[in-house]
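Because only heavy atoms are used, hydrogens play no part in the values below, and waters and symmetry mates are left out as well, while side chains stay in. The structure presented is a predicted model; accordingly, all values stated were derived computationally and were not measured.
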Amino acid sequence: MNNIIHSRFVASVSDLLKKNPMEVVNNGFGEAVAILNRKNPAFYCVPADMYERLMDLIEDKELLKLAEEAQTEEP
């Protein structure tokens with residue numbers, strides 16, 4: 001089965017376990033690292049600052065949706 005990998009950087013689960021996990025994350029140069037299990041993405045290691053930015057984007061999108069819904073409601 002082919003899977004799309006949403007990262008420019010990858011490491012295997014065994015790499016993550018054999019090496020210092022922070023070294024694997026740092027090898028992503030601030031980007032997400034796809035962790036592969038048998039050549040398929042199992043999960044993504046995301047640096048904390050990137051995760052915080054993602055959460056901010058999600059919150060902004062939810063607030064925008066609420067604002068748009070409030071505008072379309074009848075007075």
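- Using a 4.5 Å heavy-atom threshold, the side chains of Val33 and Ile35 count as touching.
- Side chain of Tyr44 to backbone of His6: a donor-acceptor contact under 3.5 angstrom is found.
- Hydrophobic clustering places Val24 together with Phe29 (ILVMFWY residues linked when any side-chain heavy atoms are closer than 4.5 Å, directly or through intermediates).
- Asp15 places no side-chain N or O within donor-acceptor distance of the main-chain N or O of Ala11, the cut-off being under 3.5 Å.
- Shortest non-hydrogen contact noted between Glu31 and Met50 is CA-CE, 3.8 Å.
- Residue Pro47 comes nearest to Cys45 through the heavy atom pair CD-O, 4.0 Å, listed as atom of the first residue, atom of the second, then distance.
- With Ser7 contributing its side chain and Ala32 its backbone, the two residues share a donor-acceptor pair below 3.5 Å.
- Hydrophobic clustering, with ILVMFWY side chains joined whenever heavy atoms are under 4.5 angstrom apart, keeps Leu57 apart from Leu63.
- Counting heavy-atom neighbours within 6.0 Å of Phe43 CZ, excluding the residue itself, gives a total above 12.
- One hydrophobic cluster holds both Tyr51 and Ile58 under the rule that ILVMFWY side chains link at heavy-atom gaps under 4.5 Å.
- Atom-to-atom distance recorded for Met22:CE and Asn27:CG is 10.5 Å, nearest 0.5 angstrom.
- Leu64 contributes atom CG, which lies 10.0 Å from atom CD of Glu69 (distance to the nearest 0.5 angstrom).
- Placement of Leu16 and Phe9 within a single hydrophobic cluster is found when ILVMFWY residues are connected by side-chain heavy-atom separations under 4.5 Å, directly or transitively.
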Steps toward side chain to side chain contact (heavy atoms under 4.5 Å, CB included) verdict (Glu68, Thr72): CA-CA 6 Å; Glu68 289 172 347; Thr72 59; 5.7 Å; no
